[in-house]
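Beneath this line is the structure, given in structure tokens, with notes to follow.
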Amino acid sequence: MSLDLNELTIAEAGSGLREKRFSSRELVEAALKRAEEDNPRLNSFITITRQEALKRAERIDDAIARKDGVGSLAGIPMAVKDILCTEAIRTTAASKILENYKPPYTATAVRLLEEEGAVAIGKTNCDEFAMGSSGENSAYGPTKNPWDLERVPGGSSSGSAAAVASGAGLFALGTDTGGSVRQPASFSGVVGLKPTYGRLSRYGVIALASSLDQVGIFTRTVEDCAEVLFRVARPDPKDSTTVKKNTPNFPEELKEKLEPLTIGLPKEYFVDGVDKEIRRLIENAVERLGKEGHRFVEVSLPHTDRALPVYYIILPAEASSNLARFDGVRYGYSAAEAADLPSLYTLTREKGFGSEVKRRIMLGTYVLSAGYIDQYYGKAQKVRTIIIQEFDQVFQKVDCLLTPTAPSAAFALGEKSLDPLAMYLSDIFTVTANIAGLPAISIPAGFTRSNLPVGMQLIGPHFSESLLLRLAYLYQSMTDWHAKRPPR
Amino acid sequence: MVKLTKENVKDIAVLARLQLTEEEVERFQKQLSSILKYVEQLDSVDTNGIEATAHATGQANVSRNDLVRQANNQEMILSEVPDREGSSIRVKKVFNHEP
């Protein structure tokens, strides 16, 4: 049987490269070929960086041949959400307003991975400025779910999820503001981690909502997730919200034996709105982990149903402020026909932004406007405190929480795109972790009868990534969901 | 909550520096009203004596030394400017009134 270079784990690819069973050029070429072949079908990539990737791979092959020290991810192909800036490589945020934008610098998360030798094969599609839960809000067309081309792969990091699921890159970076890594990971059958707020740098991420945004990781296995996290979780002087903490050796800690845990099942996450098949799969997972000696208790987070309204005030408020910078003056699209400066601003923004972006800028502007700021934004920031306190209290009693990642499996393209509120509800179980700044991971937990992947979410206290990864790893070792690949 | 009027939507658009089409004004009037109605369920939460949260992990102000560093990417930055003259950015006239 020939070796499928697109299906390797990071560790397998690393040892193959060191033992010279294949070169980085071959590994990167295979990922590029997969990305290029699938793109007409999946639309996972906005830009594929063939030349840059091959050049970088060849340099790594040379370094390996010279027996120079190379990084832990040397020669490994990765995909990067097109909302993370990459120096001199077009970065669009899936918006027309940045169609030809080439950033003068690289996001810290990407830079750290490149310093370890990872090779970016391209920039992945997403909802415009990460505003969306389906990938359909991209100015470059929707991404398709590799498991069913009639369905969405989830969003906003749609292309990163689809790329990893379909073998175009061994891992990918995304961003998660309200579930934008975990929900697409769930819909696409891969592992998706949102680290603790401040665990890694947001420098170079085109900002959506700065108090909620976090860079996240897509991989096919939990081990790979631990490896990538270990390389990017660093305090960064360029992002003062990063927390000065030593980075645990996540891959090493993964091997440590897990003491019996007390795991909370928040009853607000097991309500009627959850698809019955998903509920059954999550209950199966609980049963399996129970047999390994872990204790499950029902807990309550009474303000869970208020998290989404909090989110849809804080997010548009911060987004409307962050997106004020797109004015057609310093970079990006500029409406040259405008007669004066005020009309340059309005025309540029009217033509450059898509519908969902305008909707959220409008909403954010309204909730921040004089006379309404206390009623909306101030109130939301206070309810946010209550939600955080509830998590704090629950984590006195349990080590972590286990929930479905999303109330349904991947929905059909177009199914929710006309009703913004229905679309917002698909984030109902993921936004809470962003509001409270908690780490959370989605891992494959089975398939529906129509062969759509379903994700299970683990949420832990601040900086408990290592615990979440170990529990996820234990579950992965008892199942083979993660090894299933979409049809080709 | 009072339902947003078309005039409300147009006023917000001015603040947001968006020039909406009539069709957008109508659409946003409905959609924003229904989203605002949804988020107003927060009104029933008692927040007396609760502090507002700005940073989820409680990070306080962070300061650094105010040092000059060389970036050396000025030309790359300026190459993105839609309308430039040397190292200056040219903008449209701010006022468009006849004297």
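Please read all numbers here as calculations on a predicted model, not as lab measurements. Chain naming here is simple, since letters A, B, ... match the order of the sequence lines and numbering starts at 1 in each.
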What pairs with A:Tyr105 under ring-ring contact (aromatic ring centres under 6.0 Å, His included), at least two apart in sequence or on another chain? A:Tyr203
Measure distances from A:Ile435 to the heavy atoms of chain B and classify the residue's part below 4.5 Å as side chain, backbone, both or neither. backbone
Which bit of B:Glu24 comes within less than 4.5 Å of chain A, counting heavy atoms only: side chain, backbone, both or neither? side chain
Derivation and outcome, side chain to side chain contact (heavy atoms under 4.5 Å, CB included), residues A:Thr348 and B:Arg17: CA-CA 9 Å; A:Thr348 296; B:Arg17 299 285 184 271; over 6 Å; no
What part of B:Ser63 gets within 4.5 angstrom of chain A, counting heavy atoms only: side chain, backbone, both, or neither? neither
Quick one: of A:Ile388, A:Asp419, A:Leu347, A:Val329, who has the most non-hydrogen atom pairs under 4.5 Å with chain B? A:Val329
Where is the tightest heavy-atom contact between B:Ala56 and A:Arg384, given as atom of each residue plus distance? CB-NH2, 3.8 Å
Backbone of B:Leu20 reached by a side-chain donor or acceptor of A:Lys358 within 3.5 Å: no
When B:Val81, B:Asp11, B:Leu42, B:Asn61 are compared by non-hydrogen pairs under 4.5 Å with chain A, the top option: B:Leu42
Just by modelled atom types, is the B:Ala16 backbone N or O under 3.5 Å from a matching donor or acceptor in the A:Arg349 side chain? yes
Test side chain to side chain contact (heavy atoms under 4.5 Å, CB included) on B:Leu18 and A:Thr365; report intermediate values, then the result. CA-CA 11 Å; B:Leu18 287 170; A:Thr365 305; over 6 Å; no
Quick one: what part of B:Ile89 sits under 4.5 Å from any heavy atom of chain A, side chain, backbone, both or neither? side chain
Under 4.5 Å heavy-atom distance to chain B, tell me which part of A:Thr196 shows up: side chain, backbone, both or neither. side chain
Could you check if a side-chain atom of A:Leu308 sits within less than 4.5 angstrom of a side-chain atom of B:Tyr38, using non-hydrogen atoms only? yes
Can you name the nearest heavy-atom pair linking A:Gly332 to B:Pro82, along with the distance? O-CG, 3.8 Å
Measuring from A:Tyr366:OH to B:Ile35:CD1, what's the distance to the nearest 0.5 Å? 12.5 Å
Measuring only between side-chain heavy atoms, which start at C-beta, is B:Val91 closer than 4.5 Å to A:Leu344? no
Spatial distance of atom NZ (A:Lys238) from atom CZ (B:Arg64) [nearest 0.5 Å]: 11.0 Å
Around atom NZ of A:Lys416, are there more than 12 heavy atoms of other residues, nucleotides or ligands at under 6.0 Å? yes
Under 4.5 Å, counting heavy-atom pairs only, tell me which of A:Ser210, A:Gly328, A:Ala88, A:Ala338 racks up the most with chain B. A:Ala338
Just so I understand: if I count every heavy-atom pair under 4.5 Å between each of A:Ser355, A:Gly198, A:Pro237 and chain B, which residue has the most? A:Ser355
Check each atom of A:Ala324 against the heavy atoms of chain B and say whether the ones under 4.5 Å are side chain, backbone, both or neither. neither
Heavy-atom count around A:Asn246 CG within 6.0 Å, excluding the residue itself: above 12? no
Answer yes or no: are there more than 12 heavy-atom neighbours, outside B:Glu85 itself, under 6.0 Å from its atom CD? no
Determine, stepwise, if the pair B:Val14 / A:Thr346 fulfils side chain to side chain contact (heavy atoms under 4.5 Å, CB included). CA-CA 8 Å; B:Val14 171; A:Thr346 55; over 6 Å; no
Under 4.5 Å from a heavy atom of chain B, the part of A:Asn100 involved: backbone
Can you tell me if NZ on A:Lys102 sees more than 12 non-hydrogen neighbours from other groups inside 6.0 Å? no
What part of A:Leu418 gets within 4.5 angstrom of chain B, counting heavy atoms only: side chain, backbone, both, or neither? backbone
Quick one: pull up CG in A:Asp340 and NZ in B:Lys92 and give me the separation to the nearest 0.5 Å. 9.0 Å
Report yes if the side chains of A:Leu363 and B:Leu36 come closer than 4.5 Å at any heavy-atom pair, otherwise no. yes
Taking 4.5 Å as the heavy-atom cut-off, does anything in residues 46-54 of chain B contact chain A, and if so which residues? B:Asp46, B:Thr47, B:Ile50, B:Glu51, B:Ala52, B:Thr53, B:Ala54
Only pairs of heavy atoms separated by less than 4.5 Å count here; which of B:Asn73, B:Val45, B:Thr21 has the most with chain A? B:Val45
So, the part of A:Ser321 with a heavy atom under 4.5 Å from chain B: the answer is neither
Measure A:Tyr424 against the heavy atoms of chain B and call it side chain, backbone, both or neither at under 4.5 Å. side chain
Where on A:Ser369 is there a heavy atom nearer than 4.5 Å to chain B: the side chain, the backbone, both, or neither? side chain
Inter-residue atom distance A:Tyr376.OH - B:Asp43.CG, 0.5 Å rounding: 7.5 Å
Answer with side chain, backbone, both or neither: which region of B:Arg90 has an atom nearer than 4.5 Å to a non-hydrogen atom of chain A? neither
So A:Tyr345 and B:Gln19, side chain to side chain contact (heavy atoms under 4.5 Å, CB included) or not? Walk me through it. CA-CA 9 Å; A:Tyr345 297 154; B:Gln19 186 178 303; over 6 Å; no
Can you confirm whether A:Arg306 is buried at CZ, in the sense that more than 12 heavy atoms of other residues, nucleotides or ligands lie under 6.0 Å from that atom? yes
Given side chains that start at C-beta, do those of A:Ser334 and B:Asp83 come closer than 4.5 Å, heavy atoms only? no
For B:Gln41, which atoms come within 4.5 Å of any heavy atom of chain A: side chain, backbone, both, or neither? both
Which atoms of A:Val367 approach chain B - backbone, side chain, both or neither, heavy atom under 4.5 Å: side chain
Given that the side chain runs from C-beta out, which part of A:Phe353 has a heavy atom under 4.5 Å from chain B: side chain, backbone, both or neither? side chain
Quick one: of A:Gln389, A:Arg330, A:His303, who has the most non-hydrogen atom pairs under 4.5 Å with chain B? A:Arg330
